[in-house]
Number of protein chains: 2
Amino acid sequence: MAGRPREFDRDAALEAAMLLFWRKGFAGASMNDLCDAMGVRSPSLYAAFESKEALYLAAFQHYATTEGQAVWDKLADGATARAGVENLLLAAAGNLPKSRTAPAGCMVALSAVSDEWPASITREVRKVRLELLDSLCARLAAAVASGELPGATDVAALSRFYLSVFQGMAIQAKDGATQADLKGAAEAAMAAWPGDGG
Amino acid sequence: MAGRPREFDRDAALEAAMLLFWRKGFAGASMNDLCDAMGVRSPSLYAAFESKEALYLAAFQHYATTEGQAVWDKLADGATARAGVENLLLAAAGNLPKSRTAPAGCMVALSAVSDEWPASITREVRKVRLELLDSLCARLAAAVASGELPGATDVAALSRFYLSVFQGMAIQAKDGATQADLKGAAEAAMAAWPGDGG
DNA sequence: GATATTCTGTGTCGATCATTACAGAATAGG
DNA sequence: CCTATTCTGTAATGATCGACACAGAATATC
């Protein structure tokens with residue numbers, strides 16, 4: 001391919017954009033901020049990512065397939081669905097608070113919770129959040145099929161419940177909750193597992 | 001007091017501002033939008049509310065003392081703390097989804113979850129959210145004192161857990177969850193009450 | 001009724017926003 | 001080497017943002 005070669009690392013720039021969007025949201029991260037954080041001038045940025053909206057969607061996908069995936073993969077970990085859900089919530093407790101390298105909260109849980117966001121982003125974010133609900137439903141339905149959970153279990157309700165715990169933990173992480181704080185909430189949530197005594 | 005009398009109803013205007021901020025967030029609601037919704041020209045608006053930031057804080061307080069209070073008052077309803085928490089979550093399930101008169105979600109739970117908001121608003125919103133946590137802690141601590149809950153109960157963790165359920169329900173309401181959806185999640189959450197069998 | 005005071009409406013302020021024209025620089029293919 | 005192509009940097013675009021100057025209108029007090 002002819003033409004002057006790109007002077008910046010596209011993946012590194014996307015990672016920087018992800019971190020800024022993660023911290024400040026869509027409207028809060030201006031193109032100026034993004035250019036600074038990515039180390040790229042705006043014409044190069046537009047040539048590589050098309051628009052701010054497209055850049056956000058790319059950064060969001062990047063988040064979902066790296067940071068987000070690492071936590072939600074835990075749902076498949078463990079011999080039982082109960083262990084999977086517990087692993088998920090404990091991983092969330094470990095990852096949601098602010099760290100040296102990552103902002104607090106979760107891009108998937110906390111993006112587009114007001115109507116100020118572009119419609120295409122709201123649509124995509126909602127889709128991914130509903131996929132989280134689906135993955136919980138699938139794991140719990142399998143547990144019903146295997147006999148781990150009673151046949152009368154309301155899988156949809158139980159899935160929504162555990163999703164809400166995860167999402168609420170993300171909000172509390174934004175408010176400064178520590179790993180220990182969230183671990184306590186996660187353990188309390190596991191007491192709701194059908195069949196567990198109190 | 002001398003001077004030309006105000007031609008608009010300050011409380012009605014504040015209510016309109018609250019509804020718009022509730023739906024669109026701080027940055028999403030422009031002064032133009034607000035003027036239209038409130039039926040007021042901007043100089044009158046600034047004379048009555050000082051600034052956009054101050055207007056948001058006033059609208060937020062209005063929300064907290066009306067819409068929010070109506071739900072969180074339920075925590076005191078019922079003979080036991082368990083009944084109080086259940087009433088709270090069921091009221092949330094009834095109120096959080098979009099209705100004819102109100103937007104979906106909760107201004108307290110969903111405001112300022114990204115760093116794009118003015119610092120004064122972030123501070124105030126966080127303060128109110130922590131007050132919700134405190135009110136849960138107080139109710140549960142009283143239940144421990146009265147013997148309703150075991151002395152070994154981790155009140156802080158249990159409070160954080162129920163708060164997270166509420167907050168997560170607010171996010172799901174934004175994503176279109178129905179009253180029935182949220183009622184299921186609330187009921188599942190009550191199964192985590194210490195001492196309840198599964 | 002005169003005056004001080006407060007509100008309303010028009011119009012606009014500088015700042016910031018996302019986006020892009022344009023020209024120069026660097027590469028690939030011929 | 002020459003040309004087409006793609007990137008980089010400077011600078012500017014129109015739009016929109018929050019906020020306000022100004023003049024006219026409406027009230028209270030004296």
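Treat the numbers as computed from the prediction; the structure is a model and nothing was measured. In what follows, chains carry the letters A, B, and so on, assigned in the order in which the sequence lines appear, proteins first and then strands, with residues in each chain numbered from 1.
- Counting non-hydrogen atoms of other residues, nucleotides and ligands closer than 6.0 Å to NZ of K52(B) gives a total above 12.
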In a table with atom names and distances, give each donor-acceptor pair under 3.5 Å that connects a side chain of residues 15-28 of chain B to protein atoms at least two apart or in another chain.
from: E15(B); atom 1: OE1; to: H62(B); atom 2: NE2; distance (Å): 2.6
from: W22(B); atom 1: NE1; to: G105(B); atom 2: O; distance (Å): 3.4

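- Under the 3.5 Å distance criterion, with hydrogens and angles disregarded, no donor-acceptor pair is assigned to the side chains of E53(A) and S51(A).
- With sequence neighbours left out, D36(B) forms a side chain to side chain contact (heavy atoms under 4.5 Å, CB included) with no residue at all.
- A donor-acceptor pair under 3.5 Å is absent between the side-chain atoms of R126(B) and the main chain of A112(B), judged by distance alone.
- For the pair F49(A) CZ and dT8(D) C1', the interatomic distance rounds to 16 Å; values are reported in whole Å.
- Terminal axes of the helix from dG1(C)-dC30(D) to dG30(C)-dC1(D) (five pairs each, C1' rotation axis) are separated by 0°, to the nearest 10°.
- Residues in residues 151-169 of chain B take part in these salt bridge (Lys or Arg N to Asp or Glu O under 4.0 Å) pairs, two or more places apart or across chains: D181(A)-R160(B).
- Per the geometry, CE belonging to M38(A) stands 13 Å off P belonging to dA18(C), to the nearest Å.
- Between R10(B) atom CZ and dC7(C) atom C1' the separation is 14 Å, expressed in whole Å.
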message = Let's go through R82(B) and L149(B) carefully: what are the C-alpha distance in whole Å and the side-chain angles of both, what is the deciding distance for side-chain contact (heavy atoms from CB on, under 4.5 Å) to 0.1 Å, and is it a yes or a no?
response = CA-CA 9 Å; R82(B) 189 191 191 287; L149(B) 283 173; over 6 Å; no
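- For R41(B) and dG9(C), the shortest distance from a side-chain N or O to OP1 or OP2 is below 4.0 Å.
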Pairs under 3.5 Å (N/O, protein and nucleotides 20-27 of chain D):
from: dC20(D); atom 1: N4; to: S42(B); atom 2: OG; distance (Å): 2.6
from: dG24(D); atom 1: N2; to: R4(B); atom 2: NH1; distance (Å): 3.2
from: dA25(D); atom 1: N3; to: R4(B); atom 2: NH1; distance (Å): 3.3
from: dT27(D); atom 1: O2; to: G3(B); atom 2: N; distance (Å): 3.3

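- Interface residues of residues 12-30 of chain B facing DNA chain D, ordered by number: A29(B), S30(B); criterion, heavy-atom separation under 4.0 Å.
- In this structure, Q179(B) contributes its side chain and A93(B) its backbone to no donor-acceptor pair below 3.5 Å.
- Nearest-nucleotide positions on DNA chain D for R6(A) and D33(B) put R6(A) closer to the 5' end.
- When rounded to the nearest whole Å, the span between CD of E53(B) and P of dA19(D) equals 8 Å.
- One interatomic measurement links the two molecules: CD of E116(B) to P of dC17(C), which rounds to 12 Å at whole-angstrom precision.
- Here dT16(C) presents its C1' atom at 14 Å from CE of M31(A), a figure rounded to the nearest Å.
- With V125(B) as the fixed residue, the side chain to side chain contact (heavy atoms under 4.5 Å, CB included) test singles out one of K127(B), R129(B), R123(B): R129(B).
- Side chain to side chain, E148(A) and S146(A) fail the donor-acceptor criterion of an N or O pair below 3.5 Å.
- If you measure from atom CZ of F8(A) to atom P of dG9(D), you get 10 Å, rounded to the nearest angstrom.
- Side-chain contact check for E50(A) versus L55(A): every heavy-atom pair is 4.5 Å or farther apart.
- The nearest whole Å value for the distance from the CG atom in N32(B) to the C1' atom in dT10(C) is 14 Å.
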